[in-house]
Amino acid sequence: METKLEQFINAILETRKVWLLEAKEGFFAMLEDGDGEPYIPLWETETQAAKAAQGDWEGYTVTDMGFSELGHWLKELAKDDIDIAVSPEADGEITAIPSSKFRTWLQPYDDHSFKDDDDDDDFDYGEGWAEPWS
């Protein structure tokens, strides 16, 4: 019998995306464990995420995220010490994955299709901007 984590990984490998609950653009559902450690919940299917959109998360929008964008996001989550909760149960039970470990696992599957706005520096600095002051 597959563990919850194995089932989650096998499912997202097929679709190359995860499902989240979004409060408003760029702000996603979070939860904490008994020690106050923060987690971002991810689900393997849209249906699972939609079932979770109740209680504190009522009114949240179910949205998906591809592996490429998720890889960028996991880097930021790791910096902020926020980990991943795999398909959390209604009773609050979670299967946790450290963001940095999940990102490392995900890298071989990243198709690099996501372009972060911060990566695109198209501002015209004009001539001589990088030259030393005289």
Side-chain angles (χ1 to χ4, degrees):
M1 184 170 158
E2 284 185 314
T3 67
K4 185 175 184 175
L5 182 56
E6 289 171 328
Q7 179 182 339
F8 174 79
I9 289 173
N10 288 333
I12 67 172
L13 276 176
E14 283 186 37
T15 61
R16 296 291 201 262
K17 62 184 166 187
V18 296
W19 294 89
L20 305 100
L21 295 177
E22 190 171 32
K24 59 182 181 178
E25 189 172 341
F27 293 91
F28 297 94
M30 291 186 68
L31 51 89
E32 291 183 347
D33 66 11
D35 296 325
E37 297 297 320
Y39 297 88
I40 297 286
L42 301 179
W43 291 270
E44 63 199 65
T45 68
E46 181 178 15
T47 302
Q48 289 175 335
K51 284 182 183 177
Q54 55 185 308
D56 289 343
W57 296 332
E58 189 169 335
Y60 282 49
T61 304
V62 176
T63 188
D64 65 335
M65 185 179 289
F67 278 8
S68 183
E69 182 177 2
L70 182 60
H72 284 274
W73 197 46
L74 287 168
K75 182 179 180 180
E76 296 303 315
L77 292 176
K79 285 180 189 176
D80 294 335
D81 291 323
I82 299 172
D83 290 327
I84 300 301
V86 173
S87 302
E89 301 291 333
D91 65 4
E93 183 179 332
I94 65 169
T95 300
I97 304 174
S99 296
S100 57
K101 184 175 183 178
F102 192 43
R103 182 172 183 261
T104 300
W105 172 83
L106 194 69
Q107 283 177 333
Y109 305 100
D110 184 347
D111 65 6
H112 305 287
S113 61
F114 178 75
K115 181 75 171 150
D116 190 354
D117 290 339
D118 293 338
D119 292 343
D120 186 19
D121 185 6
D122 60 356
F123 182 77
D124 182 4
Y125 293 95
E127 289 185 32
W129 70 271
E131 295 176 4
W133 288 78
S134 40

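Just so you know, residue 1 is the first one in the sequence shown, and it goes up from there.
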Exercise for review: To the nearest 0.5 angstrom, please state how far the OG1 atom of Thr95 sits from the CD atom of Glu6.
Suggested key: 11.5 Å

Revision key, fill the gap. Interatomic distance, CG@Leu74 vs CG@Asp83, rounded to 0.5 Å, equals 9.5 Å

Review point. So, does Gln7 use its side chain to make a donor-acceptor pair with the main chain of Ala11 at under 3.5 Å?
Key: no

Practice item. Sequence neighbours left out, what passes side chain to side chain contact (heavy atoms under 4.5 Å, CB included) with Glu58? Give chain and number order. Key: none

Point to revise | Residue pairs passing the ring pair (Phe, Tyr, Trp, His ring centres under 6.0 Å) test where at least one lies in residues 4-27, sequence neighbours excluded | key: none

Practice item. Find out if a path of hydrophobic residues (ILVMFWY) with successive side-chain heavy-atom gaps under 4.5 Å connects Met30 to Tyr60. Key: no

Check your understanding: In chain order, what residues pass the ring-ring contact (aromatic ring centres under 6.0 Å, His included) check against Phe102, with sequence neighbours excluded?
Key -> Trp105

Review point. Picking from Ile82, Asp81, Leu77, what satisfies side chain to side chain contact (heavy atoms under 4.5 Å, CB included) with Pro38?
Key: Ile82

Check your understanding: NZ of Lys17 to CG of Asp64: how many Å apart, nearest 0.5 Å?
Key -> 4.5 Å

Study note, to complete from the structure: Sorted by chain and number, sequence neighbours left out, ring-ring contact (aromatic ring centres under 6.0 Å, His included) with Phe28 holds for Trp73

Practice item. Just jot down the side chain to side chain contact (heavy atoms under 4.5 Å, CB included) partners of Ser100, sequence neighbours excluded, or say none. Key: Ala78, Pro98

Study note, to complete from the structure: Leu21 and Ala49 have their tightest heavy-atom pair at CD2-O, 3.4 Å

Exercise for review: Please report the C-alpha distance between Asp56 and Leu31 in whole Å, then the side-chain angles of each, then the deciding distance to 0.1 Å, and finally whether the side-chain contact (heavy atoms from CB on, under 4.5 Å) criterion is met.
Suggested key: CA-CA 10 Å; Asp56 289 343; Leu31 51 89; over 6 Å; no

Study note, to complete from the structure: So the side chain to side chain donor-acceptor pair (under 3.5 Å) pairs with at least one residue in residues 23-37 (sequence neighbours excluded) are Asp33-Tyr39

Point to revise | Gap separating the CD1 atom of Ile84 from the NZ atom of Lys101, nearest 0.5 angstrom | key: 13.5 Å

Exercise for review: Indicate yes or no: does Lys4 engage Glu93 in a salt bridge with an N to O separation below 4.0 Å.
Suggested key: no

Exercise for review: Working to the nearest 0.5 Å, report the span between CD1 of Ile40 and CD1 of Ile97.
Suggested key: 13.5 Å

Review point. How about Val62 and Trp57: do any of their side-chain heavy atoms sit closer than 4.5 Å?
Key: no

Check your understanding: Shortest non-hydrogen contact from Trp43 to Gln48?
Key -> CD1-CB, 3.7 Å

Check your understanding: Between Pro41 and Ala29, which heavy-atom pair has the shortest distance, and what is it?
Key -> CD-O, 3.1 Å

Review point. Measuring from Leu42:CG to Leu70:CG, what's the distance to the nearest 0.5 Å?
Key: 6.5 Å

